[in-house]
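Keep in mind that this is a model prediction, so the values were computed, not measured.
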Amino acid sequence: MDLSYPPEAETFRTEIRGWLEENLPDGWFDEGFEMTPEEKKQFNEEWTQKLFDGGWICATWPVEYGGKGLTTIQGVVLSEEFSRAKAPMRADFFGDTLVGPTILMNGTEEQKKYFLPKILDGSMRWCQGFSEPDSGSDLASLKTTAVLDGEEWVVNGQKVWTTQAQFADYCFVLARTDPDVKKQAGISYLLVPMDQPGVEVRGIVQPDGTAEFNEVFFDNVRCPKDNVVGGLNNGWKVANDTLGFERGMSATTGHRRFEEEFRRMVEMARANGTIEHPHIRQELARYYSKIQILRINGLRNLTATLTKRRDPGTAALGATNKMFWSEMHKAAMELAIEICGASAMLVDAGPADGAWPAVMRAKGRDTYQVSPMMSSFFFSRSETIWGGTSQIQRNIVGEKILGLPREPKTEAKPPT
Ligand SMILES: Cc1cc2nc3c(=O)[nH]c(=O)nc-3n(C[C@H](O)[C@H](O)[C@H](O)COP(=O)(O)OP(=O)(O)OC[C@H]3O[C@@H](n4cnc5c(N)ncnc54)[C@H](O)[C@@H]3O)c2cc1C
């Protein structure tokens with residue numbers, strides 16, 4: 001196995017390192033570097049613009065749509081160097097990671113020219129309208145309809161768990177456009193503007209008082225005829241491309257966040273003496289081993305992409321990785337709580353400096369305050385659900401890869 005990168009990738013690595021050293025605040029790489037809250041605020045405000053000016057946002061997208069046209073291996077090196085420097089990359093999950101790459105892969109030239117630059121410059125925000133009250137895992141049974149009226153689609157139905165719908169300018173919606181065929185064959189992938197009469201977004205308030213996701217109701221909502229991605233009634237294939245992006249993670253850097261988390265857990269266990277406990281030691285070792293498996297699988301994934309390998313095992317890497325990292329992380333966060341013991345119930349539970357390697361979700365909780373570590377614990381409970389549950393990933397591996405008998409289907413046709 002040769003794990004070295006080609007010389008041109010290493011030249012590019014030097015370029016990125018230089019850019020980071022020049023653009024990150026003075027002292028960033030020094031041991032114990034910290035910013036005051038004011039400095040942090042200013043950094044956050046200026047950093048996205050610097051990334052944009054440097055061309056590092058969606059840098060693998062082609063130049064004609066606003067990207068920098070980096071090769072796959074250059075994109076990997078970019079991600080590795082940002083991760084190594086602990087420099088934040090813009091995290092517009094729905095635009096940069098899901099719908100942007102889906103449009104690049106399946107969109108028409110007009111769609112690419114219109115939507116991609118707006119995603120890239122951050123002027124158009126997105127949400128994902130897939131799940132419905134009775135169609136989550138069984139997504140193909142969805143009931144939202146779109147009927148053509150002249151030059152426009154008229155959309156009716158309800159979506160649920162729609163994260164960030166309250167901030168979105170557009171929703172990528174799966175809608176039934178042909179009710180008379182097999183359920184997967186009658187679905188289209190529409191790009192629907194949210195700012196119009198008939199779109200109602202109702203926040204789903206969680207026990208901590210925040211409403212990160214929503215119910216979205218479409219009542220005779222309009223969308224241009226040409227906003228179908230990947231062709232009429234081809235939405236099932238296009239949705240699976242989006243889900244592939246959602247289930248994947250950055251091949252050679254995805255594990256880094258978990259390594260940092262592992263380091264914090266060892267520090268906590270050392271500080272309170274639980275490191276001496278054989279069970280805690282064994283579970284920490286288990287977590288570390290799994291992170292290394294994740295790292296090696298990332299390299300397999302990268303090799304498969306670079307060599308364009310298409311065997312069944314490679315095709316299953318998305319499904320196996322999603323179930324592997326999400327289940328690993330759920331167990332790891334339970335271990336973190338175990339290390340903390342009863343102090344996990346305190347509002348500042350976790351490392352003494354409060355730092356935890358994940359984005360603090362839903363800032364501004366006022367009714368139920370949690371530390372970054374507890375925020376990560378709570379969110380880990382959802383990681384085996386969103387983007388397709390672990391059970392569904394196992395079904396994919398069992399049926400599509402191992403060739404096991406398919407589970408019986410209850411429905412031959414979509415609901416009318
Ligand atoms: C944090 C979070 C954010 C989300 N954001 C979005 C979003 O932005 N947009 C969006 O469209 N959706 C979103 N979702 C919804 C998510 O995609 C669904 O929750 C998920 O697909 C599961 O569907 P469900 O909740 O309806 O559960 P169900 O499908 O009802 O499943 C219930 C249980 O039954 C199991 N099960 C179901 N079918 C099978 C089967 N055939 N074989 C074995 N077991 C089975 C499941 O694994 C699960 O354990 C989000 C979910 C979460 C948790």
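With F213 as reference, W161 is the one residue of W386, W161, F94 to meet the ring pair (Phe, Tyr, Trp, His ring centres under 6.0 Å) rule.
Distance alone, capped at 3.5 Å, places no donor-acceptor pair between the K113 side chain and the E64 backbone. Here the side chain of T303 pairs a donor or acceptor atom with the backbone of L299 at under 3.5 angstrom. With R176 contributing its side chain and A140 its backbone, the two residues share a donor-acceptor pair below 3.5 Å. Side-chain atoms of W61 do not come within 3.5 Å of backbone N or O of L116 as any donor-acceptor pair. Without hydrogens or angle criteria, R247 side chain to G387 main chain gives a donor-acceptor distance under 3.5 Å. With K159 contributing its side chain and L174 its backbone, the two residues share a donor-acceptor pair below 3.5 Å. Put simply, the side chain of R281 gets close to the backbone of I275: a donor and an acceptor are under 3.5 Å apart.
Side-chain atoms of D53 and Q49 include a donor-acceptor pair closer than 3.5 Å. Judged by distance alone, the side chains of E215 and Q158 do bring a donor and an acceptor atom under 3.5 Å apart. A donor and an acceptor atom, one from each side chain of T253 and S83, are nowhere located under 3.5 Å apart. Defined by atom type and a distance below 3.5 Å, a donor-acceptor pair is present between the side-chain atoms of Q292 and E259. Side-chain contact annotation: S390 with E327, donor-acceptor N/O pair under 3.5 Å present.
Relative orientation of the H279 and H277 rings is perpendicular, given thresholds of 30° and 60° on the angle between their planes. The aromatic rings of Y170 and F115 sit perpendicular to each other, their planes meeting at more than 60°, with 30° as the lower class boundary. Taking the six-membered ring where the residue is Trp, F172 and W126 present tilted rings, their angle falling between 30° and 60°.
Within 6.0 Å of CZ on F82 lie more than 12 heavy atoms contributed by other residues, nucleotides or ligands.
Salt-bridge annotation for R286 and E283: present, with a side-chain N of the basic residue lying under 4.0 Å from a carboxylate O of the acidic one. Between R263 and E260 there is a salt bridge, since at least one side-chain N of the basic residue sits less than 4.0 Å from a carboxylate O of the acidic one. Using a 4.0 Å cut-off between charged nitrogen and carboxylate oxygen, K183 and D138 count as a salt-bridge pair. The pair K330-E334 does not meet the salt-bridge criterion, since no charged nitrogen lies less than 4.0 angstrom from a carboxylate oxygen.
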Side-chain donor-acceptor distances from residues 102-110 under 3.5 Å, at least two apart:
residue: T102; atom: OG1; partner: L98; partner atom: O; Å: 2.6
residue: T102; atom: OG1; partner: T242; partner atom: OG1; Å: 2.9
residue: N106; atom: OD1; partner: K237; partner atom: NZ; Å: 2.9
residue: N106; atom: ND2; partner: T102; partner atom: O; Å: 3.2
residue: N106; atom: ND2; partner: D241; partner atom: OD2; Å: 3.1
residue: T108; atom: OG1; partner: Q111; partner atom: N; Å: 3.1
residue: E109; atom: OE1; partner: Y65; partner atom: OH; Å: 3.0
residue: E109; atom: OE2; partner: Y65; partner atom: OH; Å: 2.9

Check residues 6-18 and write down every donor-acceptor pair under 3.5 Å in which the side-chain atom is one partner and the other belongs to a residue at least two apart or another chain.
residue: E10; atom: OE1; partner: R13; partner atom: NE; Å: 2.8
residue: T11; atom: OG1; partner: P7; partner atom: O; Å: 3.0
residue: R13; atom: NH1; partner: E80; partner atom: OE1; Å: 3.1
residue: R13; atom: NH1; partner: E81; partner atom: OE2; Å: 2.8
residue: R13; atom: NH2; partner: E80; partner atom: OE1; Å: 3.1
residue: T14; atom: OG1; partner: E10; partner atom: O; Å: 3.0
residue: R17; atom: NE; partner: E81; partner atom: OE1; Å: 2.7
residue: R17; atom: NH2; partner: E81; partner atom: OE2; Å: 3.3

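Ring pair W153/F218: centre-to-centre distance not below 6.0 Å.
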